[in-house]
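One structure is given here, and the rest of the page talks about it.
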Amino acid sequence: MKQLLSFVHKEFLHVFRDRRTLLIMFGLPIVQIVLFGFALNSEVKNIGIMVLDNAHDINSQQIIDKIATSSYFQLKEPAQSYRDIERKFKAGTVKCALVFPAGFGSDLFHTGKADVQVIADASDPNTATIVATYLRSIIADYQQQLNPNAGVPYRIIPEVRQLYNEKQNGSLNFIPGVIALIFMIVSTALTSVAVVREKELGTMEILLVSPFKPLMVLVAKAIPYLALSLINFIIILLLSVYLLDVQIKGSLLLLFAESILFIITCLSLGLLISNVTNSQQTAMLISMMGLMLPTMLLTGFMFPLENMPWIFRVISHVIPSRYYYIIVKAVMLKGLGFSYIWQETLILIGMSAVLLTLALKNFKIRLS
Amino acid sequence: MNNKAIICKNLTKQFGSFKAVDQITFDVDSGEIFGFLGANGAGKTTAMRILCGLSFPTSGEASVAGFNVYKQQEQIKKNIGYMSQKFSLYENLTVVENIEFYGGVYGVSRADIKQRSSELISTLGLEKEAKKLVGELPLGWKQKLAFSVAIFHKPKIVFLDEPTGGVDPVTRRQFWDMIYEAAASGITVFVTTHYMDEAEYCNRITVMVDGKVEALDTPTKLKERFNTHSMDEVFYQLARGAKRSGD
Amino acid sequence: MKVLRFILQKEFRQIFRDKTILAMMFAMPIIQLIILPLAANFEVKNINVAYVDQDHSTYSQHLISKIGSSGYFRIVGNPLSYKGGLKMIEDGTADLVLEIPQGFERNLVREGSQHINISVDAINGTKSSIGGGYLIAVISDFNSNLDVNIKSPNGGISSSAYNIDVKSTNWYNPRAEYKYYMVPGILVLLLTLIGGFITALNIVREKEIGTIEQINVTPMKKWQFITGKLVPFWIVGMIVFTIGLVVMYVIYGIFPKGSLLLLYLFAAVYLVALLGLGLLISTFADTQLQAMFVAFFFMMIFMLMSGFFTSVDSMPGWARQISNFTPVTHFISVVRLIVLKGSGFAEVKTELFYLIGFAIVLNSLAIYNYRKTS
């Protein structure tokens, strides 16, 4: 046991002496949380809009004023023609335009009907749809103002309640995603590279000749990364709570337990990878490209899984982070208990067991 | 007329408060085989890197092939060859391609490259391996090839950093034959090593201990001085008080 | 220059012998262009709505059927109470719960207004927030149709006296398909990876093996070494770009509306800038691991801030500034502009200046930082 401890101590020294990697490793989650928490959101605001006002009457002006004061839009200088609009669209500074026909106001008052045209730059389809919706509601609002007496404004007033996110912090689902990503990077990629590095340097053989059991060698290598992952986890939690004002609704203990489970899954994966290759470069490429990309895509935190073709949805069932993501969402953000996530937990345990056994078996085979 | 290939005076390299190289003074004659001995960590490689223009000294003076190590590094580099501990040939290029590349970088004309490389290949007996990737060659051949590449452009001085690490005694002997030939053709050879028997092959040697030059003389005279027949013993006497050993 | 020729010769030989790079050159564009757009789909459809109808009136039923037939929503359940709906959100079956209170129709007619509740699973990110927005839009549509059909209590003409009809047109992407938005962005991602990532790794690998030291000892000049590294990878990048364009056309049928020449010009400058970044990163890293990490770190920030996933407009001011300082942002915007809208030189020249600026700054920093003597 004492030998194991000194071995683990050596491994810790290796890891903590590589300042640059360490810096990035801690910087990564911090930056991601800040970015996702404050800078990135799928809301649509400050959209550049141009108005082509052929009417130049009070009504068009009133609508223009409403747009100018809306936080969704940023009113740019008026357009003189469709060409103007086209040019600005092409420069990318304006994403939509509103066109008033020449007799807008007079049509409205004489015939009770008038048209207005919304042109959206649909190269970003979502923005286009939302922009059209906003404009419609601004115009509908205006229409409302014009009709104070006519009919009863049967107003259906939808009230939106954001569940689990009363403070309206953008979308919180990235937090579990970031955690999963960091674990994969630290526990899978770094561990596999560390083990392969020993192989490349030739010191692995020395270790194997020592009285250490092979299992111990792997365990000792993995422990510093387990520790690092946990430290990162705590940092992310602290940031979420204090910087983003997120509440950890569920049991902290459960969260930690599940996280340790997932870290073990990642570590097993890392050890397995280190078995199949002897070059650091390959280990890195497999972990980063081969795993990171599917993790980001198929976990479900960046892109909704339902939108993907079925083959992707099938593959996503094999990706461990998908289950971890569900677990963290449920426990941390929704405050649910174990009864909701026992299935996912079981799956993760199963995956860890399989991966670990494979890794160990492979390791022993390579020795002989 | 200065016949000295290398001149060093109070050369020092300091990292923070650590003096890797501490006021060393020596010089090397043209055409000499000069051995730079010492334990690991004594400062040999650091000193050599300064002389090659890879590192700036903290203080002191030095000139290599007549050029100042502070201000004329590029000139120095034109006139020297270098073989590092890792051999530094490109493993995924063939023998011919490696020769071609380094020849070209040192400004050897295409015609000369062609001629010299075929000579070189036949001397080393690498005709069959000429088109093979260097990575596939056994260690001994890589090492000999690396040396040949280092002197391909006929430099005035060639620096060898622990060139014989890890090869069998026969190959080591062959390697030293090549060194003798190079010296005979007028190239000064500056070689670091921690194999004490190789010290016997040099014209003069110095022994570095803890960053300082503790002895500078021919092997024979040193053995006389310490009253012993083996260089191992000389080294042991000099180095046993060393505070630094092992990197 | 003669020496440069030898260097280029060596670099090209090494690149074409490196299976990894070859794989990346050919396989990567194809794989990324095919897989990413399939997965990276922000289109919002199939939003799962559970409704709790406590009114069971004509109105409520009309509203529900309107929602169900809008094409965006999928009615996944009709729980009896809000609690039931909440449970559906908890276990992930529903993204939204719509509650129509008892007396909905009656209150609407009698008092003229009625609240209804939409509960959104705010952890589900994009889907739910956009889904909530769509639901509101559908409801207000329903609302305005109501006004037209219902008699007012006074018995007078109840239709609004003023009706503004909004016609909307989509320019540049009539069917509003997401792939037109994503695919050009992925092209940029490819170039970014090659320029920044691979170059950095390549140079640091030489550091680790020791061949860089060998080069530092030769009279090779700094600019020769750097050019020798940049040129081959630049060519690789342009090849990948071309392959990407071909794939984009063959698989997605997207052909750049604007000038191909202009597009290539931008790609060329962008590559130089990114290669400079890769070079710069390599001067800071001693091991391949470090290089990979640093490169990954920057790539990630760039991609997130560049407008690839989320729009730059909706970022807070400070974030938009950062985004402006990212070369990726400008290139993505230009690629989308040229490919989808056919923008010409006049419209994008500011971006060109930005990119040239980046190329100069990054490469100068890299050259300055690269020391033959330490």
Side-chain angles (χ1 to χ4, degrees), chain A residues 20-21 24 35 39-47 90-92 108 112-126 128 132-133 136 139 143 146-147 150-152 154-165 171-173 193 284 297 303-304 306-309 312 329 333, chain C residues 38-43 46 108 112-127 132 136-137 139 143 146-147 152 158 160-173 176 178 181 288-290 292-294 297 304 310 313-315 319 333 336-337 340-341 343 347:
Chain A
R20 279 193 203 117
T21 310
I24 304 271
L35 284 184
L40 304 171
N41 54 56
S42 41
E43 277 167 44
V44 175
K45 9 178 220 219
N46 294 328
I47 307 292
K90 282 195 178 172
L108 203 52
K113 275 177 49 85
D115 283 344
V116 109
Q117 188 189 20
V118 166
I119 305 178
D121 175 354
S123 53
D124 175 0
N126 258 354
T133 314
R136 271 176 209 275
I139 293 182
Q143 190 180 295
L146 289 183
N147 302 321
V152 178
Y154 293 121
R155 301 291 288 149
I156 303 181
I157 305 169
E159 278 183 7
V160 180
R161 199 198 311 173
Q162 305 258 355
L163 295 175
Y164 313 123
N165 187 6
S171 49
L172 294 180
N173 61 328
V193 171
M284 260 189 278
L297 290 184
F303 308 111
E306 294 89 358
N307 281 349
M308 302 188 196
F312 283 9
K329 262 206 301 185
L333 301 175
Chain C
L38 285 181
N41 201 338
F42 278 128
E43 257 173 74
N46 297 328
L108 203 56
S113 74
Q114 173 68 69
H115 291 238
I116 60 177
N117 275 325
I118 303 177
S119 298
V120 167
D121 178 356
I123 308 184
N124 216 343
T126 343
K127 232 188 160 200
I136 295 181
I139 293 178
N143 201 155
L146 269 192
D147 290 340
S152 94
S158 58
S160 15
Y162 305 114
N163 240 318
I164 306 181
D165 191 17
V166 180
K167 294 186 172 10
S168 87
T169 338
N170 276 338
W171 279 8
Y172 310 124
N173 187 356
Y178 226 81
Y181 187 59
Q288 289 182 70
L289 187 65
Q290 286 177 353
M292 161 154 281
F293 260 78
V294 176
F297 183 68
L304 287 178
T310 58
D313 293 321
S314 58
M315 293 185 195
S333 140
R336 284 181 176 146
L337 287 176
L340 300 175
K341 304 187 204 175
S343 308
E347 283 109 12

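Lettering of chains follows the sequences in order, A, B, ..., and the numbering in each one begins at 1.
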Closest contact, heavy atoms only, [X] versus [Y]:
X      : Y      : result
A:T21  : C:Q290 : OG1-CG, 3.3 Å
A:N46  : C:D313 : ND2-O, 3.3 Å
A:K90  : C:K341 : CE-O, 3.0 Å
C:Y172 : A:D121 : CD1-OD1, 3.6 Å

- Query: So which part of A:V193 gets closer than 4.5 Å to some heavy atom of chain C, the side chain, the backbone, both or neither?
  - Reply: side chain
- Query: What part of A:I119 is in contact with chain C, defined as an atom under 4.5 angstrom from a non-hydrogen atom: side chain, backbone, both or neither?
  - Reply: both
- Message: Taking side chain as everything from C-beta outward and backbone as N, CA, C, O, which of these in C:L340 sits under 4.5 Å from a heavy atom of chain A? Side chain, backbone, both or neither.
- Response: side chain
- Message: Below 4.5 Å, heavy-atom pairs only: which of C:N117, C:L337, C:V294 has the largest tally toward chain A?
- Response: C:L337
